[in-house]
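I have placed the structure first, in the form of structure tokens, so that the comments after it can refer back to it.
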Amino acid sequence: MTIRVLVVDDQAIVRDGLVTVLSLMPDLEVVGEAADGVAAVAAVDRDLPDVVLMDLRMPDVDGPTATAQITAAHPQVAVLVLTTYADDESIVTALRAGARGYLTKDAGRAEIATAIRAVASGQSTFDATVGARLVAQLAGGAVPTPEAPVGLRTRFPDLTPRESDVLERIAEGRSNPEIAAELFLTVPTVKSYVNQVFTKLGVRSRAEAVALVLRS
């Protein structure tokens with residue numbers, strides 16, 4: 001049986017890489033690709049893939065919204081999230097929208113292919129980081145999700161609580177791997193948050209961010 005896959009990601013280079021990798025698998029067939037949620041929903045309506053490999057953060061219509069629309073209209077289509085983000089909010093939002101699996105972009109091609117086969121057969125699948133967070137939540141919240149300091153939330157209201165968490169640790173001199181370990185995130189996710197913080201604060205480096213925190 002050939003599994004028909006739709007690849008959804010707003011970055012062309014990521015889509016191209018995924019299409020190339022998946023095309024090497026004899027039991028997988030890429031039937032289309034989309035750069036945002038609107039195009040993804042339209043492609044599912046048109047091509048009826050077995051699995052949608054879905055990014056989360058995209059312009060116009062994001063991954064969770066597209067996932068909810070797809071699973072409502074085509075419950076037989078499995079959505080497998082492939083994203084940079086592994087924080088609790090992103091995971092829970094995607095699963096509530098109807099995603100059947102969740103991987104981070106640290107996953108290798110074999111892991112992605114295995115996950116596609118799993119969700120196509122009706123199973124749920126999560127990578128190790130995501131699985132650990134879900135188990136911890138079910139066990140009573142063993143994985144902490146620290147609240148951002150009230151001071152930072154007040155001084156920088158444009159930042160999300162998680163971005164404030166990251167900024168606090170930048171100001172304390174933590175490296176990205178250290179921040180990732182403390183907040184139970186992947187290093188690529190932390191890098192993404194750091195970039196978002198820099199953009200929102202209008203700074204270009206950690207030194208400028210720390211200086212801004214000390215001045216404010």
Side-chain angles (χ1 to χ4, degrees), residues 9-15 17-18 54-59 62-64 81-97 99 101-109 111-112 115 125-216:
D9 198 291
D10 63 334
Q11 297 184 359
I13 191 169
V14 175
R15 292 198 310 275
L18 289 170
M54 179 75 75
D55 190 18
L56 286 186
R57 307 290 172 89
M58 297 182 293
D62 62 15
V81 170
L82 180 65
T83 181
T84 303
Y85 304 92
D87 57 282
D88 291 346
E89 181 180 357
S90 296
I91 296 168
V92 171
T93 300
L95 296 182
R96 284 178 175 168
Y102 197 112
L103 300 178
T104 66
K105 288 180 179 176
D106 292 335
R109 62 182 181 180
E111 185 176 0
I112 294 172
T125 185
F126 311 98
D127 71 14
T129 299
V130 174
R133 297 187 72 86
L134 290 173
V135 169
Q137 287 183 17
L138 292 172
V143 176
T145 304
E147 284 292 328
V150 175
L152 286 183
R153 288 204 304 269
T154 301
R155 291 154 60 193
F156 305 105
D158 289 341
L159 299 183
T160 66
R162 181 60 81 190
E163 289 166 352
S164 296
D165 289 335
V166 171
L167 177 60
E168 178 195 18
R169 284 157 177 80
I170 290 173
E172 292 172 349
R174 303 283 202 280
S175 66
N176 285 353
E178 289 171 334
I179 296 173
E182 288 187 18
L183 298 183
F184 296 89
L185 302 173
T186 65
V187 173
T189 299
V190 171
K191 289 180 180 178
S192 179
Y193 277 125
V194 170
N195 290 334
Q196 292 171 30
V197 169
F198 287 180
T199 298
K200 289 184 177 182
L201 297 185
V203 300
R204 294 175 296 178
S205 67
R206 300 172 91 90
E208 290 183 11
V210 172
L212 181 61
V213 170
L214 294 178
R215 283 201 309 269
S216 301

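Start at 1 with the first residue, then count along the sequence.
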Below 4.5 Å, heavy atoms only, C-beta onward: do [X] and [Y] meet side chain to side chain?
X	Y	result
Leu56	Asp62	no
Asp55	Val14	no
Leu212	Val203	yes
Ser192	Tyr85	yes
Lys105	Leu18	no
Val194	Val166	yes

Return yes if a side-chain donor-acceptor contact under 3.5 Å exists between Ser90 and Arg57, otherwise no.
yes

Between Arg162 and Glu89, is the closest basic N to carboxylate O distance under 4.0 Å?
no

Where at least one partner belongs to residues 196-205, residue pairs that pass salt bridge (charged side-chain N to carboxylate O under 4.0 Å, His left out), sequence neighbours excluded:
Glu163-Lys200, Arg204-Glu208

Taking only residues two or more places apart in sequence or in another chain, which ones pass salt bridge (charged side-chain N to carboxylate O under 4.0 Å, His left out) with Glu178?
none

Partner set under side-chain hydrogen bond (donor to acceptor under 3.5 Å, both in side chains) for Tyr193, not counting sequence neighbours
Asp87

I'd like to know if the side chain of Arg206 reaches the main chain of Arg174, judged simply by a donor and an acceptor atom lying under 3.5 Å from each other, with no hydrogens or angles considered.
yes

